[in-house]
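The structure appears right after this line, and notes come after that.
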Amino acid sequence: MRILITGATGNVGRHLIAHLLALRVEVRALTRQEPAVAGLPAGVEIVRGDLAAPDTLGPAFDGVDRMFLFPVAETAGAVAERARAAGIRRAVVLSSDAVTDGTDTVYHLPVERAIEKSGLEWTHVRPGEFALNKLDTWGRSIREKGVVRAAYPAARGVPVHEADIAAVAAAALTSNDHVGAAYRVTGPQQLTPGEQVAAIATGIGRPLTFIEVSPAEARADLIGLGFPEQIADYLLAFEERWVEHPPQVSPDAERVIGRPTRTLAEWAADHVAAF
């Protein structure tokens, strides 16, 4: 079995490669970078190519049985067609829980549909909020001030460790038990922003302070961190929605990998250097 990992140098891709190497699976990694600077472990075959340019993918697809597909909606149909023509039988798609709740019809849903239409065996892995997002939104203020400012204190999220997303993908790639399934992958607990700050404090081993701010102040903070206005509004819209309609904890990952997903405190402990 030879598995192609697209998005190989990303947060999920790197963990997925580690899982597959531990299972002694032959791994090929697609990267747009020079192989020498990809920073991937020994034992991984590295091939250059770009999902946004399907004509570059021939060498990556040659001799591959299965692939993990990073979502690029614009070219998903062409990528799927080329993959099947090259003899790939299965695709595990890195999708989003926003497909499940109907809020994403542009970025991930077209990729899912393209793979299903292609005739490939498929599994869709739909993570909810990445715990890693906390580094982008809260990391600087935690490092510099030991403080987190956030709006919507009653909102509840279920942030998930990227390694657990990779573990579900590894199972779907290496077992025949998951073909035709769409798995929601969440953390094990619903947590308000204040509870999330407390969990991170536990994980990194130092006290943190949560400060409630208005949505306008939170928006200004995000823009000050370099987020485009559209993305800041997108993030805050989800938080507002989660006050009355929070995402639910999903049992899918535990069923697939045979253990609960990691807590936010465990995630923070794994990323203590970043805080």
Would a single hydrophobic cluster contain both Leu40 and Val64, if residues Ile, Leu, Val, Met, Phe, Trp and Tyr are joined by side-chain heavy-atom contacts under 4.5 Å?
yes

When rounded to the nearest 0.5 angstrom, what distance separates CD1 in Ile5 from CD in Glu45?
12.0 Å

Exercise: do His178 and Glu121 side chains pair donor with acceptor under 3.5 Å:
no

Kindly give the heavy-atom pair with the smallest separation between Phe61 and Ala86, and that separation in Å.
CB-CB, 3.7 Å

Shortest non-hydrogen pair, Val158 vs Gln189, comes out as CG1-O, 3.3 Å

Establish whether Val256 and Val179 are linked, either directly or via other cluster members, by ILVMFWY side-chain heavy-atom contacts under 4.5 Å.
no

Same cluster or not: are Leu30 and Val25 linked, directly or through other Ile, Leu, Val, Met, Phe, Trp or Tyr residues, by side-chain heavy atoms under 4.5 angstrom apart?
yes

Asp101 with Arg184: basic N within carboxylate O range, under 4.0 Å:
no

So do the side chains of Glu240 and Tyr152 get within less than 4.5 Å of each other, counting heavy atoms only?
yes

Arg66 versus Leu4: any side-chain heavy-atom pair under 4.5 Å?
no

NZ/NE/NH1/NH2 to OD/OE distance under 4.0 Å, Asp65 and Arg2
no

Applying ring-ring contact (aromatic ring centres under 6.0 Å, His included), can you list everything that pairs with Trp138, at least two apart in sequence or on another chain?
none

Start with the C-alpha distance between Leu94 and Thr6, add both sets of side-chain angles, then the distance that settles side-chain contact (heavy atoms from CB on, under 4.5 Å), and finish with yes or no.
CA-CA 10 Å; Leu94 179 60; Thr6 69; over 6 Å; no

Asp164 and Arg259: salt bridge (charged side-chain N to carboxylate O under 4.0 Å, His left out), yes or no, with the steps?
CA-CA 10 Å; Asp164 290 326; Arg259 60 165 176 79; 2.8 Å; yes

What's the spacing between Ile211 CD1 and Lys145 NZ if we round to 0.5 Å?
8.5 Å

What pair of heavy atoms forms the shortest contact from Thr75 to Pro54, and how long is it?
CB-CG, 3.9 Å

Arg32 atom CZ: more than 12 heavy-atom contacts under 6.0 Å:
no

Between Asp252 and Ala182, which heavy-atom pair has the shortest distance, and what is it?
OD2-O, 4.0 Å

Which of Val125, Thr186, Thr261 passes side chain to side chain contact (heavy atoms under 4.5 Å, CB included) with Ile165? It is Val125

Strictly by side-chain hydrogen bond (donor to acceptor under 3.5 Å, both in side chains), give each pair with a member in residues 7-18 just once, sequence neighbours left out.
none

Stepwise, does the side-chain contact (heavy atoms from CB on, under 4.5 Å) test hold for Lys117 with Glu112?
CA-CA 9 Å; Lys117 183 179 178 181; Glu112 291 191 7; over 6 Å; no

Using distance alone, with no hydrogens and no angle criterion, decide if Ser96 and Arg126 have a side-chain donor and acceptor under 3.5 Å apart.
no

side-chain contact (heavy atoms from CB on, under 4.5 Å) for Lys134 and Asp136? Distances and angles first, verdict last.
CA-CA 5 Å; Lys134 306 304 175 187; Asp136 294 329; over 6 Å; no

Less than 4.0 angstrom from a charged side-chain N to a carboxylate O is my criterion; do Glu34 and Arg48 meet it?
yes

Check against side-chain contact (heavy atoms from CB on, under 4.5 Å), Leu222 and Leu236
CA-CA 10 Å; Leu222 290 170; Leu236 288 168; 4.2 Å; yes

Nearest heavy-atom approach of Asp97 to Gly128 is CB-CA, 3.8 Å

For the residue pair Val249 and Gln190, what are the closest heavy atoms and their distance?
CG2-N, 3.9 Å

Parallel, tilted or perpendicular: ring planes of His271 versus His161, cut at 30 and 60 degrees:
tilted

Thr123 OG1 to Leu69 CG distance, which is reported to the nearest 0.5 Å
12.0 Å

Same cluster or not: Ile200 versus Val272, using hydrophobic residues (I, L, V, M, F, W, Y) connected whenever any side-chain heavy atoms lie under 4.5 Å apart?
yes

Can you tell if the side chain of Arg140 reaches within under 4.5 Å of the side chain of Leu225, non-hydrogen atoms only?
yes

Ring centre gap for Trp122 and Phe68 strictly below 6.0 Å:
no

